[in-house]
Amino acid sequence: MDLTKKLTLPGKYCESLTHYKRWLTREVQIGDVPMGGTHPIRIQSMTTVDTMDTKGSVEQTLRMVEAGCEYVRITAPSIKEAQNLAEIKKELLKRGCKVPLVADIHFTPNAAEVAARIVEKVRVNPGNYADKKKFDQLTYTDAAYQAELERIYTKFAPLVKICKEYGTAMRIGTNHGSLSDRIMSHYGDTPEGMVESALEFIRICEDLHYYNLVISMKSSNPQVMVQAYRLLVEKMVAEGMNYPLHLGVTEAGDGEDGRIKSAVGIGTLLEDGLGDTVRVSLTEEPELEAPVARALVNRYVKRAEQVLEINYSQEIVTNSKLIVENLGSRHETKEVNAFIGGSMVPRVVADLSNKRLIDPMVLKDIGYIYDPLLDKYHMGDQSVDFVFFGDNLPSFTMPGNLKQVYNFATWLGLTNKENAHPLYTLHDYINASERDTNLNLVRIFHEDLESEAFENLPIDQTLVFVLETRQLHGMADQREFFVKLRSWGLEMPVIVKRSYDPVEFSGPVGDMMSPEEPISKLQLYAATDLGGLLIDGMGNGIWIDAASIPTDKLASASFAILQATRSRISKTEYISCPSCGRTLFDLQETTQMIRSRTNHLKGLKIAIMGCIVNGPGEMADADYGYVGAGPDRVTLYRGKEVVKKNVQSADALNELIEIIRADGNWVEFA
Ligand code: SF4
């Protein structure tokens, strides 16, 4: 077998769970821009204009390259679009642009075979390359399953041979939800099914001595996506493979939610040292995706050499096996004050210690709206749970549901301590003359675990840790902390705190930054750092500390992170595709229109898909689907079931609402 360096991993799926180290994959040549190995993590995106519109495709590609795309993907739904890739390429070359093009293929091997002779890379979806999806629950005998594999081999082998002959690379891109009926019947709608779906195709490629492969495991659910990639690496290593990974969360949506969902999935894997190329899928203009992907990736450019080693004693040195065994399972804790830990949803902390606390309106940013006429507060699903006042005393009455947190010395001096709780250093807590009888928050760092102070810590039913980190590779540092607590049988709740200096949000010197850029970066960084832990069941609360970012943005990002990790649902979720050349309506406009009527339906997942090509398969996770079915026509789904076909666009949203209403899932605006 012509494989480059093979690896044995100490953890199951990455080089190190405690130190940043990129998984070394084989180098794959894609035009003039190689991927994998020690090459930088590449950025890519996909055009949204009709592939038959040569001028439009060229103009958009140029804008995407200007924005930072190193590869550009273009859909090729049929032979004519595949052929037109040659025109697009010719025009791009005339304009001096040699960016490698990637043809996106679903269902049409004949288009793939044309495209593979023209562009630098083809993407195939193993769920629909050789299969038409009927959503049938089939049962296969071993012989019938084997016969299916042979049928796939016959259909797929010609493309592989063309790629070999023309030096074209290939992405085997599995999508959760568009798995073939055969895989679904055998493995179900699982990460394991996703991995096996890709491996079947990889094995065919290897049988034909073709290794110019990149692999992806996308899902709109970051938790499924992370598990699928980790499992893929584990299985690839077991089979002696090290193909580069293309990371992406599909149908992530737009704005804050789209960025946070993408970062939870992509960022978690980048922290593990996995990923050779990134595509962020936003329901926005494609040139807006590359800067987001770049911001995610740039954090790792120098991480390996910047990370400081902590000199832990032998006892504390992490056992990576212990981490692997504990990943993915919930970190069990005791409930404190009937408010945090146990089976409670993760709590959100906001910091108002630097605000002027003279008017109750200041609480609006954290979800409490004061009504002066009724002299009461209104709260919603995104009202924070704890507010940190530090040494700052408010001169108005606080909402009863909001827990106030003060620095210990200030708390000691309060005359009314109802609903007010102290925050201590480890040292202060041990030496405190008085402690709260209900809830005590203690700041702690991973390295404190081996201190003498920790040995003397009084542990009771009121103790909650606020876990901070001084490490650049902070997610792994905090993850180790959880693993240690668990191995020692300590079950106090932990609020994970991450602090961000404004310097972290700045770009290169002289770079003009838009006012939104620091907010966007905060969303991406916090979603990576906190989301990576929450996905693995670690954390009973989160605290994002970034003084340069407006408080309402921090609160909103906190709830979006909890929603993206499915650890606390506080709003409607939109699974909207980024659109491409197949799109049959204006995705951005339609998404906004649907959002404006349904964004009060907390917990409901609504998919908005530009075309029917993957139908309900691509939106496996959604409760309802709004899918383009033809010009001015929309098909409406409940889960994977078609409820109304070919509804006129003008009526489709009302019809969707009627379906939701008939199911008993509609509520009127409050
Ligand atoms: S669902 Fe959206 S992104 Fe996917 S193929 Fe259809 S239009 Fe393109």
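Remark: Lys90 engages Glu87 in a side chain to side chain contact (heavy atoms under 4.5 Å, CB included) (not counting sequence neighbours). Contacts of Glu165 classified as salt bridge (Lys or Arg N to Asp or Glu O under 4.0 Å), with partners at least two apart in sequence or in another chain: none. Residues satisfying the side chain to side chain contact (heavy atoms under 4.5 Å, CB included) test with Cys577, not counting sequence neighbours, are Glu251, Leu587, Met609. The side chain to side chain contact (heavy atoms under 4.5 Å, CB included) check on Lys164 picks up His209, Tyr210, with sequence neighbours excluded. With sequence neighbours left out, the side-chain hydrogen bond (donor to acceptor under 3.5 Å, both in side chains) criterion links Asn84 to Thr54. Listed by chain and residue number, His176 satisfy the side-chain hydrogen bond (donor to acceptor under 3.5 Å, both in side chains) test with Ser219 (two or more places apart in sequence, or in another chain). For Lys89, the salt bridge (Lys or Arg N to Asp or Glu O under 4.0 Å) partners at least two apart in sequence or on another chain are Glu120. Residues that satisfy the side chain to side chain contact (heavy atoms under 4.5 Å, CB included) test with Pro109, not counting sequence neighbours, are Glu113, Tyr129. Every side-chain hydrogen bond (donor to acceptor under 3.5 Å, both in side chains) that Thr283 has, sequence neighbours left out, goes to Ser576. In this structure, the side-chain hydrogen bond (donor to acceptor under 3.5 Å, both in side chains) partners of Lys98, at least two apart in sequence or on a different chain, are Asp32. When the salt bridge (Lys or Arg N to Asp or Glu O under 4.0 Å) test is applied to Arg63, the partners found at least two apart in sequence or on another chain are Glu287.
Annotation: salt bridge (Lys or Arg N to Asp or Glu O under 4.0 Å) contacts involving residues 37-56, sequence neighbours excluded, comprise Arg42-Glu70.
Residues Phe201 and Tyr153 place their aromatic rings such that the two centres sit no closer than 6.0 Å.
Counting only heavy atoms from C-beta outward, the side chains of Met194 and Ser197 never approach each other to under 4.5 Å.
Ion pairing between a basic and an acidic side chain is recognised when a charged N comes within 4.0 Å of a carboxylate O; Arg95 and Glu59 show such pairing. Glu516 has no carboxylate O lying under 4.0 Å from a charged side-chain N of Lys521, or vice versa, which leaves the two without a salt bridge. Contact check on Glu15 versus Arg22 returns no salt bridge, with no Lys/Arg side-chain nitrogen under 4.0 Å from an Asp/Glu carboxylate oxygen.
Both the sub-6.0 Å distance and the 45° axial angle are not jointly satisfied by Arg638 relative to the ring of Tyr624.
The minimum heavy-atom distance linking Leu656 with Tyr626 is given by the pair CD2-CD1, 4.4 Å. For the residue pair Ile215 and Leu232, the shortest heavy atom distance occurs at CG2-CD2, 3.7 Å. Looking at every heavy atom in both residues, Gly36 comes nearest to Asp276 through CA-OD1, 3.5 Å.
Side-chain atoms of Asp254 and Gln592 form a donor-acceptor pair, as typed in the model, at a separation below 3.5 Å. There is a side-chain donor-acceptor pair under 3.5 Å between Gln44 and His246.
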Set out, in order, the CA-CA distance, both residues' side-chain angles and the distance that settles salt bridge (charged side-chain N to carboxylate O under 4.0 Å, His left out) for Arg151 and Glu148, then state yes or no. CA-CA 5 Å; Arg151 184 181 65 80; Glu148 273 292 287; 3.0 Å; yes

